[in-house]
Amino acid sequence: MTVKEAIDGRISRRSFIKNRPLEEEHIKKLSDVIQYYNDISGLHMQLLTGEPAAFSTKRRTLFFFSNVTSYMCLAGQPEDEEKAGYYGEKIVLICRSLGIDTCWVGGTYDRVRCPCSLEQGEMLYGVIALGYAENTMTRKERFIRTFTKLLNQLSAKLKNSEHEIYKAGQDAPLWFMSGVDAAERAPSAFDKKPVLFVWDGDDASAFIPDRETSTVLDLGIAKLHFELGAGGGTWEYGSGGHFLPISAPQISGLQAQ
C-alpha cells in the first residue's frame with residue numbers, strides 16, 4: 001500500500017466487530033513499531049490489548065465507542081505532545097496498511113480507568129482506538145461525520161469567515177500544494193482542520209492560528225501528512241515551524257521503520 005492509498009483510505013471508526021481481538025501477528029508488528037518510535041522520539045507510547053477499561057464507562061454520549069478492547073496510549077513529557085501527534089499518526093497509517101481500523105480519541109474515554117503506565121513528569125495526551133470494523137460505516141458513524149461537517153460550516157458562517165488550510169501565492173511549488181492536499185485528509189479534533197500552512201515565496205511553515213480550539217496533537221498529525229504529501233522532508237517543532245523538503249519526488253510505500 002502506498003502512502004497516498006493509506007491517507008486516502010483512512011477514516012475514523014468508532015464501532016468495532018464484537019469478540020474479534022487484534023490478531024497476534026498485528027500485535028507483534030505494532031509492538032515492534034511502537035518500541036522503535038519510542039526509541040527515536042523519547043515518547044512513552046503503549047499498546048494495550050484485551051483491556052476495555054478505558055471504554056467501558058456507562059456514560060453514553062453521541063461520540064461513544066463500541067467494542068473497543070485494544071488501544072494505544074500516547075504518553076510522554078508535556079513538551080512532547082506534538083511528537084505524539086506526529087508519531088502516533090505514523091502508526092495510524094501503518095495500521096491502515098495492515099487492515100487495522102483506528103480512531104484518535106481525545107476526551108470520550110475514561111482517563112481515570114485507563115491502565116496507562118506513566119513515569120514521573122509524564123502525561124497522557126490521548127489514546128488511539130484499534131480494532132477491526134465492518135466494511136461499511138454504521139448509521140451512528142455516518143451521522144457523526146455529517147454532524148461535525150455541518151457544525152464546522154456553521155461555526156465559520158457565524159464568524160463570518162471562510163476556513164483556510166493554506167495561504168500561498170501562485171509561485172507555490174508543486175510539492176507544497178501536494179503537501180497541503182495530504183494535510184487536508186489529516187484527522188483532527190471534531191475535524192476542524194486547525195493547522196494553517198503558509199508559503200511565503202521562500203519556504204513553508206505551519207501555524208495554529210486559534211490555540212483555544214485546537215491541540216498540539218493536531219499540529220503534529222497535520223505536519224506528518226504534509227511531509228508525506230510533499231515527498232518527505234524535515235519539520236521544525238512548534239507553531240510557526242519551518243519545513244525543509246527533500247529532493248525525492250515521491251514515497252513509494254509505508255514502512256514500519
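Quantities reported herein were computed from a predicted structural model and do not represent experimental measurements.
- Taking the side chain as every heavy atom from C-beta outward, N67 and I17 never approach each other to under 4.5 Å.
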*Going through the distances and angles, do S41 and D80 end up as a side-chain contact (heavy atoms from CB on, under 4.5 Å)?*
CA-CA 9 Å; S41 68; D80 290 334; over 6 Å; no

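- Within the 4.5 Å cutoff, the side chain of F16 has no heavy atoms near those of the S70 side chain.
- One finds the OH atom of Y37 at 4.0 Å from the CD1 atom of I94 (value rounded to the nearest 0.5 Å).
- Residues V195 and K223 fail the side-chain proximity criterion, which asks for heavy atoms closer than 4.5 Å.
- Here the SG-CD distance, from C95 to E89, works out to 10.0 Å after rounding to the nearest 0.5 Å.
- Residues P187 and H225 are in side-chain contact: their nearest non-hydrogen atoms beyond the backbone lie under 4.5 Å apart.
- The closest donor-acceptor contact from the side chain of N38 to the backbone of M45 lies under 3.5 Å.
- Using a 30° and 60° split on the angle between ring planes, F65 and F55 fall in the perpendicular class, above 60°.
- For R142 (side chain) and T136 (main-chain N/O), no donor-acceptor pair under 3.5 Å exists by modelled atom type.
- With E164 contributing its side chain and L196 its backbone, the two residues share no donor-acceptor pair below 3.5 Å.
- R14 places no side-chain N or O within donor-acceptor distance of the main-chain N or O of K140, the cut-off being under 3.5 Å.
- Between the CG atom of L130 and the CD1 atom of I128 there is a distance of 7.0 Å, given to the nearest 0.5 Å.
- Using the six-membered ring where Trp is involved, F176 and Y166 have ring planes that are perpendicular, over 60° apart on the 30 and 60° scheme.
- R185 pairs by the salt bridge (Lys or Arg N to Asp or Glu O under 4.0 Å) definition with D8, D181, not counting sequence neighbours.
- For D218 (side chain) and I221 (main-chain N/O), no donor-acceptor pair under 3.5 Å exists by modelled atom type.
- I91 and Y132 fall within a single hydrophobic cluster, where Ile, Leu, Val, Met, Phe, Trp and Tyr side chains are chained together by heavy-atom contacts under 4.5 Å.
- Between K90 and Y87, the closest side-chain pair of non-hydrogen atoms falls below 4.5 Å.
- Of the possible polar contacts, one joining the S188 side chain to the K193 backbone as a donor-acceptor pair under 3.5 Å is found.
- In this structure a side-chain-to-backbone donor-acceptor pair under 3.5 Å is present from Y125 to G76.
- Using the six-membered ring where Trp is involved, F226 and W175 have ring planes that are perpendicular, over 60° apart on the 30 and 60° scheme.
- A side-chain donor-acceptor contact under 3.5 Å links S239 to the backbone of I208.
- Using modelled atom types, no side-chain atom of E122 and backbone atom of L124 make a donor-acceptor pair closer than 3.5 Å.
- Residues I165 and F197 form a side-chain contact, since some pair of their non-hydrogen atoms from C-beta on lies under 4.5 Å apart.
- V105 is not listed as a side-chain neighbour of Y71, based on a closest heavy-atom distance of 4.5 Å or more.
- At distances below 3.5 Å, not a single donor-acceptor pair connects side-chain atoms of E82 with backbone N or O atoms of V216.
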_Between L74 and W104, does the side-chain contact (heavy atoms from CB on, under 4.5 Å) criterion hold? Intermediate values first, please._
CA-CA 10 Å; L74 301 165; W104 282 86; 3.1 Å; yes

